[in-house]
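Contents: one structure, followed by commentary.
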Amino acid sequence: DLLGSVGLAKDPTTFHNEAIVGVNENSAESIRKLDNLLHNPNCPPETFQTLIHLYCKYKFFDLAKEKLDNKQILASKYIQRDEFEYIKALIQEEKNPEEDIKQYDAIIANYKKQLDGITQKVEQSGGDTEKNLAFAAEKKNI
């Protein structure tokens, strides 16, 4: 069994959580565990996203890019579009800082546009709490 081969005969969720808990003591080992866990069909859905975040946190941008390129289905399934754009900007930062700034500016402009729209809707509601709550519930994933 894959989990046993890396030293732990535990369920995938426990294995995932222990990798996260141990990241500050041994980031390389935690990353290795999460990478191995991706090969388990029962791995928690957060595994891919967690692994990409750790690659970026510890500046393993080449590994993050490689994993995103090789696991495009997982990337599209578990990483939201705006988060994906941010990760791409982080990866690109190492190679082309000027292009990276343009990507960050585009991300910021997109969020500003969304927030401006929300602000306008709230202002148009005229303090109608029911409308504001309904609108907030509709836009909770921004």
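Since this is a predicted model, take the numbers as computed values, not measurements.
- Rounding to the nearest 0.5 Å places CD of E29 at 11.5 Å from CD of E18.
- Taken to the nearest 0.5 Å, the CD atom of Q72 stands 7.5 Å off from the CZ atom of F84.
- Taking CD1 of I87 as the reference point, atom SG of C56 lies at 5.5 Å (rounded to 0.5 Å).
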*Could you go step by step and tell me if F48 and L37 meet the side-chain contact (heavy atoms from CB on, under 4.5 Å) rule?*
CA-CA 9 Å; F48 183 76; L37 186 56; over 6 Å; no
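- Considering all non-hydrogen atoms of both residues, Y78 and P45 come closest at CE2-CB, 3.3 Å.
- Taking CG of N26 as the start and NZ of K33 as the end, the distance is 8.0 Å to the nearest 0.5 Å.
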*Check the pair H53, E46 against side chain to side chain donor-acceptor pair (under 3.5 Å), reporting the backbone distance first and the verdict last.*
CA-CA 11 Å; H53 286 181; E46 301 84 11; over 6 Å; no
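- Of the inter-residue distances, the one linking N40 atom CG with T47 atom OG1 reads 8.5 Å to the nearest 0.5 angstrom.
- A 4.5 Å side-chain heavy-atom check between E66 and D62 finds every atom pair outside the cut-off.
- Note: the hydrophobic cluster containing Y58 also contains L68 (ILVMFWY, side chain heavy atoms under 4.5 Å, direct or indirect links).
- To the nearest 0.5 angstrom, L63 atom CG is 8.5 Å from D35 atom CG.
- I20 and F15 end up in different hydrophobic clusters when Ile, Leu, Val, Met, Phe, Trp and Tyr side chains are linked at under 4.5 Å.
- The two residues A19 and S30 come nearest to each other via the heavy atoms O-OG, 2.6 Å.
- Partner T50 forms a side-chain contact (heavy atoms from CB on, under 4.5 Å) with one of I31, V23, L34 and no other, that one being L34.
- The closest donor-acceptor contact from the side chain of S76 to the backbone of I73 lies under 3.5 Å.
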